[in-house]
Amino acid sequence: MSTDETEGAGGRDTTTGKREYRMADLAREAGITVRTLRFYRERGLVPPPRREGRIAWYDGTHLTRLRTITALLERGHTLGGIADLLAAFEGGRDVAELLGLDGASPTPWSRETPVRLGAEELADTFAGQVTAENLAAALDIGYLAVDGEEFVHVSRRLLDASTELVRAGVPLSAVLEAGRRVRAHADALAEIFTDLIRTHARPEHTVRTLEQLRPVSQTVVDAEVSMAMDRHIRANADTWTQDTAPREDATHRGTTST
DNA sequence: ATTCTTACA
DNA sequence: TGTAAGGA
């Protein structure tokens, strides 16, 4: 019982140096009991270990998984919720590869900077709204991808926007649904601009002109959305001035002269 | 004999 | 989730 082998305990791969743990070792490292480890495994929260006869060998991924579970548990999540989250977690694995986010993909076609997030960091950002449904929706839209034991948001700007909306009281599910609708309209807008060039520019100049079109189209959309927001804010102002903006009407006077 | 599972509390 | 009993 007094074998204090902190690093050399258990079996380890001599070629890669990956540590492996037997049940008691892993449980001790994760700060849980063996019974709890078994409990998690029965519910699918922990992937099956490598079986060598009757001995179960766990590795570092199991350890990080257990630490994730513990962190989520301390944050108030239920075991069932964690199970759902981890299920979606696994389900999005191929999404990251599809987007080329886990490897060294240059992604020259996107100017958005990805953001890496730990699972608990993500849960903390959206304050208990990271349900399996929301996670699945975020993965489906392409906002979120999974890389190893971490999440990757495809756009810092969109992540910040989502965070701001949620903090303003908008449910995350509604934010995601809105994002889905915006995505559809954005696609339609991009189609308008690209079609414009495809039909009017000569084929050999098409690609280059499309790239030049990017900032122009963004400017047009930005201006149009800005003006449209003006119109809609004014149109609905009387509806929600009661609890949001008590008395501010003079600021929306001179908008645009059309 | 050790390690893990089953079953019971 | 702890513990005792049993299979390999």
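Per chain, numbering begins at 1; letters A, B, ... match sequence-line order.
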By nearest nucleotide on DNA chain B, pick out whichever of A:R35 and A:A24 is the more 5' one. A:A24
When rounded to whole Å, the CE to P distance for the pair A:M23 and B:dT6 reads 10 Å
Just the rounded figure in Å: distance from P of B:dT3 to CZ of A:R50. 16 Å
Just N and O in the side chain of A:T36: are any of them under 4.0 Å from OP1 or OP2 of C:dT1? yes
Just wondering, more than 12 heavy atoms not from A:E177 lying within 6.0 Å of its CD? yes
The single option from A:L176, A:L139, A:V130 passing side chain to side chain contact (heavy atoms under 4.5 Å, CB included) against A:L144: A:L139
A:T33 versus A:T36, side-chain donor and acceptor atoms under 3.5 Å: yes
Select one nucleotide: of B:dC4, C:dT1, C:dA8, the one nearest the side-chain heavy atoms of A:R54. C:dA8
With a 4.5 Å cut-off on side-chain heavy atoms, are A:D59 and A:L26 touching? no
Atom CZ of A:R51 to atom P of B:dC4: distance rounded to whole Å? 8 Å
CZ of A:R22 versus C1' of B:dT2: gap in Å, rounded? 10 Å
Given atom CG of A:L37 and atom C1' of B:dC4, what is their separation to the nearest angstrom? 11 Å
Whole Å only: how far is the OH atom of A:Y40 from the P atom of C:dG2? 10 Å
Between A:H62 and A:Y21, does the ring pair (Phe, Tyr, Trp, His ring centres under 6.0 Å) criterion hold? Intermediate values first, please. CA-CA 9 Å; A:H62 296 97; A:Y21 312 81; 9.0 Å; no
Among B:dC4, C:dT1, C:dG2, the one nearest A:A56 by side-chain distance: B:dC4
Under a 3.5 Å cut-off for both distances, is C:dA8 Watson-Crick or wobble paired, and to whom? B:dT2
Which whole-number value in Å describes the distance from A:R41 CZ to B:dT6 C1'? 14 Å
Between atom OH in A:Y21 and atom C1' in B:dT3, what is the gap in whole Å? 19 Å
To the side chain of A:I55, which of C:dG2, C:dA8, B:dT3 is closest? B:dT3
